[in-house]
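Structure first, then comments.
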Amino acid sequence: MEAQARSLLLRGYRRSDRSDHQSRAKDDEIDALSSGKAEPMKIIWRNGFVRLVFVCAIIWVLLILFALLFHLWSCHSSISFLSALCRKDSKVLVILDSMGLTPKPLHRCPIPVLDDPNAVVVPEKTPDTIPKKLSYIEFDKKEDGEEESSPLFGGHQSWAQREESFKLKSSMKVHCGFCKGGGGEMEEIDKKFVKRCKFVVASGIFDGYDAPQQPTNISTRSKKLFCFLMVVDDVSLDFIQQNTSMKIDKDGGRWVGIWRLITLHNLPFDEPRRNGKVPKILTHRLFPQARYSIWIDGKMELIVDPLLILERYLWRGKHTFAVACHKHHKSIYEEGDAIKRRKRYARPLIDLHMKIYYYEGMKPWSPDKRTLSDVPEGAVLIREHTTMTNLFSCLWFNEVNLFTPRDQLSFGYVVYRLGEAFKFFMFPNCEYNSLFVLHRHTREHSSKVEWVKSLDEFNGNNSVLKESKAGLGLWLPYPGDLKSVKLPPVDRSSPAG
């Protein structure tokens with residue numbers, strides 16, 4: 001009996017232990033749940049955040065795809081506003097670009113030219129409107145009271161004559177280089193040859209700075225239609241004779257491959273860069289019978305058929321002048337600042353040049369202007385030689401002759417002065433870079449005037465730094481108060497190139 005009672009007592013203890021263990025387990029579970037109520041919320045919140053980020057990423061990708069599809073559709077839309085969004089020169093894209101919301105432009109891009117030069121139809125000549133008649137001042141006459149001196153190629157243009165040249169009239173007579181006795185003479189055999197040239201591809205090399213580059217991809221039709229004319233000075237002619245295969249035809253004409261060399265004697269300027277502006281800007285004066293011209297700098301190898309170039313940039317849009325926009329700068333004041341940084345001309349003279357333009361109302365470029373940019377890539381110029389295009393070229397050259405030789409500074413100013421009367425096509429820079437292959441200069445060009453930091457450096461023994469045949473507007477008394485002119489600030493957001 002005692003053993004049975006002990007067994008019953010042990011069973012009771014075991015049941016009590018089990019019940020105590022179960023109750024403790026339940027209590028521990030309750031405590032765990034009560035203490036860990038926040039953990040499931042953290043897990044749920046973390047998982048939800050990951051899902052939210054994932055969903056946002058999907059929506060962002062879909063929005064980008066939608067925007068691309070909308071852009072492609074708008075290019076072909078009949079709605080003018082939507083189709084304007086697609087244009088590379090639209091103000092919408094320009095504003096977005098100024099905000100840094102557009103991708104950086106490509107260095108090269110495909111040019112939408114026709115496939116076959118033989119399919120190109122040459123249009124009729126564009127009729128002249130204003131001016132209907134354009135003639136040029138041939139004799140360099142100085143104003144009353146001024147000292148007599150040797151005639152200058154660009155003439156001694158007064159401030160009053162300069163101002164009058166921007167007033168459009170039916171018949172106009174302006175300075176346009178080639179004043180008698182000012183230099184820049186062609187040989188008779190060259191004058192006779194260029195009279196036959198109606199379509200011209202022109203280039204130039206001065207001071208032996210480059211070597212002729214042979215164009216490629218030129219069709220048989222263009223070889224027959226175009227004259228390829230390379231304007232050189234005596235120094236460059238000697239360099240070409242010594243370093244290339246030059247041939248002389250039965251009439252005495254000099255040839256390097258497809259290029260017919262045209263030699264200028266008695267150069268009009270002391271500075272080789274200024275001499276290069278003569279064939280570049282005054283192409284219509286050197287080759288007066290030409291209806292169309294394409295200028296390319298001497299260091300370039302043309303790789304697009306010239307007939308396709310005329311069709312793309314002139315005839316398709318009924319333009320008479322085409323030039324590419326600058327890759328980096330839109331304002332002439334940005335370009336002027338970059339020229340000083342690169343030491344491409346005397347810094348105080350660049351400042352004076354810019355102050356004159358700012359005083360005369362030339363504002364920094366903005367999206368409100370009618371032009372894509374005020375600064376061109378002037379190494380390629382495409383022109384139909386109408387009276388308005390010729391007038392523009394004359395006025396542009398006069399500014400280069402009167403002030404600094406940096407022609408990209410003067411281009412936008414002349415466009416500003418002529419206003420709506422001068423219409424031209426400024427095409428994307430990436431197409432410009434697809435027109436040619438760029439070759440290195442044969443040597444570096446530098447002159448002492450490029451390192452001048454102060455106007456005082458032109459005094460005394462350094463007066464020889466002053467150009468004697470051009471840039472006179474930088475030294476003549478200006479009919480206005482330039483001391484109070486403060487140039488607009490420049491945002492150096494791009495390279496100095």
Side-chain angles (χ1 to χ4, degrees), residues 133-165 171-195 202 204-207 229-238 252 254 261-290 385 390-391 393-405 407 410 447 449 463-477:
K133 182 180 179 182
L134 180 66
S135 57
Y136 311 113
I137 295 173
E138 296 183 5
F139 298 95
D140 183 15
K141 295 181 180 179
K142 303 189 72 173
E143 295 291 304
D144 294 338
E146 292 186 12
E147 295 182 4
E148 290 297 326
S149 61
S150 300
L152 298 178
F153 178 82
H156 289 82
Q157 186 186 35
S158 67
W159 296 112
Q161 288 174 323
R162 173 178 178 259
E163 189 63 29
E164 187 66 23
S165 67
S171 179
M172 299 183 67
K173 189 173 186 178
V174 297
H175 283 88
C176 198
F178 292 96
C179 287
K180 300 294 184 182
E185 293 100 8
M186 292 170 57
E187 297 180 7
E188 289 301 322
I189 55 171
D190 295 337
K191 289 181 182 179
K192 182 178 179 181
F193 179 85
V194 301
K195 285 182 179 179
I205 298 174
F206 289 85
D207 203 32
L229 306 176
M230 176 72 71
V231 183
V232 299
D233 60 354
D234 291 313
V235 174
S236 300
L237 182 61
D238 291 340
R254 305 177 183 93
L261 301 184
I262 307 295
T263 308
L264 283 187
H265 301 288
N266 187 18
L267 294 179
F269 303 117
D270 306 320
E271 170 63 38
R273 282 202 178 102
R274 281 198 195 271
N275 289 320
K277 309 305 176 186
V278 175
K280 173 181 177 177
I281 302 178
L282 299 183
T283 315
H284 68 288
R285 297 295 324 267
L286 274 176
F287 316 125
Q289 276 71 38
H385 293 181
N390 293 345
L391 174 65
S393 298
C394 291
L395 300 182
W396 185 15
F397 177 81
N398 291 342
E399 294 297 298
V400 172
N401 179 63
L402 194 61
F403 301 117
T404 70
D407 56 58
S410 304
S447 62
V449 72
S463 60
V464 294
L465 293 175
K466 292 183 183 179
E467 294 184 69
S468 61
K469 299 180 180 180
L472 303 185
L474 300 169
W475 305 104
L476 292 173

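Note that this is a predicted model, so its numbers are computed, not measured. We're numbering straight along the sequence, starting at 1.
How far CG of L282 is from NE2 of H284: 6.0 Å, rounded to the nearest 0.5 Å. With rounding to the nearest 0.5 angstrom, the CG atom of L134 is 12.5 Å from the NE2 atom of H385.
Looking at heavy atoms from C-beta onward, V232 lies in side-chain contact with T263 at the 4.5 angstrom threshold. Looking only at side-chain heavy atoms (C-beta outward), C179 and L152 stay at 4.5 Å or farther from each other.
Contact detail for D207 and S236: the closest heavy-atom pair is N-OG, 3.2 Å.
Residues that satisfy the side-chain contact (heavy atoms from CB on, under 4.5 Å) test with E164, not counting sequence neighbours, are K167, K169. Checked against side-chain contact (heavy atoms from CB on, under 4.5 Å), N401 has the following partners two or more places apart in sequence or in another chain: F269, F397, A470. Under the salt bridge (charged side-chain N to carboxylate O under 4.0 Å, His left out) criterion, D407 pairs with K277, K280, sequence neighbours left out. For S410, the side-chain contact (heavy atoms from CB on, under 4.5 Å) criterion is met by H353, Y357, W396, E399, V400, not counting sequence neighbours. Considering only residues two or more places apart in sequence or on other chains, N398 meets the side-chain contact (heavy atoms from CB on, under 4.5 Å) condition with Q157, H175, L395. Among residues two or more places apart in sequence or in another chain, the side chain to side chain donor-acceptor pair (under 3.5 Å) test is passed with E163 by R417.
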### Task
Go through D270 and S468 one step at a time and tell me if the side chain to side chain donor-acceptor pair (under 3.5 Å) criterion holds.
CA-CA 8 Å; D270 306 320; S468 61; 2.9 Å; yes
